[in-house]
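Remarks on the structure that follows.
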Amino acid sequence: MEPGVTVVHCRDCRMGERLMKVIVSGAGNMGGALIDRWRSSDGLVVVSVDPATETSASTDHFNSLEMVPKDPVDFVVLAVKPHQIVDVL
């Protein structure tokens, strides 16, 4: 494992009395797989952001970052193709 890389095991995701909150920007193949796995885990609140994906009433999905509630977030995953990074940031 590389220095500075942190591996988060789902059993360890509780931060004291609150759940860890993750935003995944990009819900394609890679982002969708992460979202599906993490949503099935205890201790995580997963919010997905992708303008090309339909919003589902059963999930926390938004079509843009501007629509995401301004609550504190523990980390953000950019699950987009390299040429899309500039548009996401």
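Between P72 and K21, the shortest heavy-atom contact is O-CD, 3.5 Å. Across all their heavy atoms, V46 and D60 have their closest contact at O-CB, 3.8 Å. Looking at every heavy atom in both residues, A79 comes nearest to V24 through CB-CG1, 4.1 Å.
The shortest distance between side-chain heavy atoms of W38 and V45 does not fall below 4.5 Å. The shortest side-chain heavy-atom distance between V76 and L78 falls under the 4.5 Å cut-off. Between D74 and V22, the closest side-chain pair of non-hydrogen atoms is not below 4.5 Å. Taking the side chain as every heavy atom from C-beta outward, L34 and V77 approach each other to under 4.5 Å.
A distance of 10.5 Å separates CG of L65 from CE of M67, quoted to the nearest 0.5 Å. Of the inter-residue distances, the one linking S48 atom OG with D36 atom CG reads 9.5 Å to the nearest 0.5 angstrom. From K81, atom NZ reaches atom CD1 of I85 across 11.5 Å, with rounding to the nearest 0.5 Å. Separating the CD1 atom in I23 from the CZ atom in F75 is a distance of 11.0 Å, to the nearest 0.5 Å.
Put simply, the side chain of D50 gets close to the backbone of A27: a donor and an acceptor are under 3.5 Å apart.
Other residues, nucleotides and ligands contribute more than 12 heavy atoms inside 6.0 Å of the CG atom of D71.
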